[in-house]
Amino acid sequence: MIDEKVNFSNEDNFKSFMAQYDPIADLDDIEEKFPDGTEIADYAIRDVVVIELKTLKEDPTQKMENFFHEIMKRPDFPAIYGELNFRRVVNLLPDGEQNIRKFETVAFRQIESIMSKANKQVVSTIDHLKMDPQTSGTLIIINEFADFFEPDVLVNYISKRLGSKNDKGLLRFSHLNHVILIQDTHKVRDASQSGIVIPVYYIANDNIAQNEVNKKAYIALRELIKNYSHFNKCNHKVYDNVDESLDIEKLHQPEVKEPLKGQEWIEDQYRKNRYMKDFTDEQLIEFGSMVMSVCYSMVLKENPLVLEHHKKMHLFKTQIELFEESRLRPFDLRRLDIDPRKYAPK
């Protein structure tokens, strides 16, 4: 079943809502009060909360693929077949953690940039409008490229960055009390609710001391999201605990797939009965070395090993299962001791 289209994470739709939402002042309407070149936030409830709206419009997929392919060219990159879990595989490299940090820097560069700019805009707005210095700062991020950025990954990254400090030991985002992430690629698994329930991710900056103004801002923001949900004629659920398990699933259900065949079928069957799962690395090296040596012995130019058809097919099936096990662990197949002559006819 395909879910109906929801325009929850749409910049134009959100701006249309804000234009008619009375509690919020649109600061674009009072730009003439600011000196030329002054960068201000988008919305505010005076002395309660200043809101900056940012939209993720740049798809970083190509940059990420280029970065990953460069690492795969390394001579020490693990020999693993199939679809890879980047973090787990790169961790096998001696400088794995360093490369993962580089990957995150490239992947989340635009997130870092908008958080930094939003923090400056909040400070500038509070200063030039002479608001209460305790006025909360909020960044609302609308993710229009959610196919790349999964919500749990984004939430964890933003939460960590909110606690980051500069060279002087001061908080880098000292005026961002809250970050709200809006993306409609997922829905809440909740059988008690009728219709689609969209998750909204509310990330509090726990590094900033709480006060009465922060509490008012929190209530105002919850009310804003509730009204935006009504504006879109859908339900929502706020996740405001970073450590809370996100009980969500993809909003648009996948189409019915064709039955698996060939190698994909063998891999799928192996995942259901993963008999090599409990092998130690030494056992896997011994078993894998034997399997690969026999396979190579059948293609020797001189005196190759000849097997009956059913035995050959069983061997190829075992080879595919070995590749799949190496991918799942992950395990570097270069550790195998392959000696085809050992199994060739004497």
Side-chain angles (χ1 to χ4, degrees), residues 61-107 148 153 254 257-346:
T61 302
Q62 189 59 52
K63 291 181 181 178
M64 296 301 96
E65 289 179 351
N66 293 341
F67 180 84
F68 190 49
H69 287 155
E70 285 301 312
I71 294 180
M72 290 180 69
K73 292 177 184 177
R74 288 173 45 160
D76 61 343
F77 189 84
I80 298 174
Y81 292 81
E83 196 172 296
L84 308 177
N85 179 305
F86 173 84
R87 183 176 292 274
R88 293 179 62 195
V89 173
V90 173
N91 259 329
L92 296 177
L93 297 171
D95 56 348
E97 278 301 320
Q98 182 181 344
N99 279 289
I100 288 172
R101 286 194 294 271
K102 288 181 181 178
F103 176 85
E104 290 179 342
T105 298
V106 176
F148 179 84
V153 175
K257 295 181 179 180
E258 293 291 324
L260 297 176
K261 298 179 181 178
Q263 180 173 334
E264 290 183 346
W265 182 85
I266 294 173
E267 292 168 345
D268 179 66
Q269 292 301 303
Y270 177 72
R271 288 191 292 270
K272 294 175 181 176
N273 180 27
R274 192 176 161 190
Y275 61 87
M276 286 181 265
K277 180 180 180 181
D278 295 326
F279 281 16
T280 64
D281 278 7
E282 289 71 23
Q283 289 173 322
L284 188 63
I285 289 172
E286 181 181 358
F287 180 73
S289 298
M290 180 271 293
V291 171
M292 295 305 298
S293 295
V294 174
C295 286
Y296 277 106
S297 70
M298 290 192 296
V299 294
L300 289 172
K301 289 184 178 181
E302 297 182 7
N303 203 24
L305 175 67
V306 179
L307 295 178
E308 296 177 2
H309 178 75
H310 73 280
K311 291 183 178 180
K312 187 188 297 184
M313 291 300 100
H314 178 74
L315 180 64
F316 288 154
K317 172 176 173 290
T318 306
Q319 182 187 42
I320 292 172
E321 292 169 345
L322 173 66
F323 290 166
E324 182 64 5
E325 178 62 31
S326 76
R327 184 187 72 84
L328 294 171
R329 284 193 178 219
F331 174 83
D332 188 351
L333 290 169
R334 292 177 305 171
R335 298 175 64 187
L336 300 182
D337 181 18
I338 301 175
D339 181 9
R341 287 292 175 191
K342 184 177 180 181
Y343 294 92
K346 303 301 182 183

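With sequence neighbours excluded, the residues satisfying salt bridge (Lys or Arg N to Asp or Glu O under 4.0 Å) with Glu321 are Lys317.
Ala344 and Ser297 make their closest contact through N-CB, 4.3 Å (heavy atoms, listed as atom of the first residue, atom of the second, distance). Residues Asp76 and Leu93 come closest through the heavy atom pair O-CD2, 3.2 Å. A pairwise comparison of heavy atoms in Ile320 and Gln263 identifies CG2-CG, 3.8 Å as the closest pair. Shortest non-hydrogen contact noted between Lys311 and Leu307 is CB-CB, 4.4 Å. Taking all atoms of both residues into account, the shortest heavy-atom contact from Asp337 to Ser289 is N-OG, 2.9 Å. Closest non-hydrogen pair, Leu336 versus Met292, comes out as CD1-CG, 3.7 Å.
Judged by distance alone, with hydrogens and angles left aside, the side-chain atoms of Ser293 form no donor-acceptor pair with the main-chain N or O of Met290 at under 3.5 Å.
A salt bridge links Asp95 and Arg74; the closest N-O separation between the charged side-chain nitrogens and carboxylate oxygens is under 4.0 Å.
Between Tyr270 and the options Tyr275, Trp265, Phe323, a ring pair (Phe, Tyr, Trp, His ring centres under 6.0 Å) holds for only Tyr275.
Taken from CG in Leu305 to NZ in Lys342, the straight-line distance is 14.0 Å, to the nearest 0.5 Å. If you take CE on Met298 and CG on Leu315, they are separated by 4.5 Å, rounding to the nearest 0.5 Å. Taking CG from Asp339 and OH from Tyr296, the interatomic distance works out to 12.5 Å, rounded to the nearest 0.5 Å. Atom-to-atom distance recorded for Ile71:CD1 and Asn66:CG is 11.5 Å, nearest 0.5 angstrom. Rounding to the nearest 0.5 angstrom, the gap separating the CG atom in Leu300 from the OH atom in Tyr343 is 13.5 Å. Rounding to the nearest 0.5 angstrom, the gap separating the CG atom in Leu322 from the CZ atom in Phe331 is 8.0 Å.
Shown here is Glu286, whose CD atom has no more than 12 heavy atoms of other residues, nucleotides or ligands within 6.0 Å.
Looking at heavy atoms from C-beta onward, Glu324 lies out of side-chain contact with Ile266 at the 4.5 angstrom threshold.
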For this session: Tell me, with the steps shown, if Leu328 and Lys277 meet side chain to side chain contact (heavy atoms under 4.5 Å, CB included).
Result: CA-CA 9 Å; Leu328 294 171; Lys277 180 180 180 181; over 6 Å; no
Problem set entry | CA sep, side-chain torsions, deciding dist, call: Glu308, His314, side chain to side chain contact (heavy atoms under 4.5 Å, CB included) | CA-CA 10 Å; Glu308 296 177 2; His314 178 74; over 6 Å; no
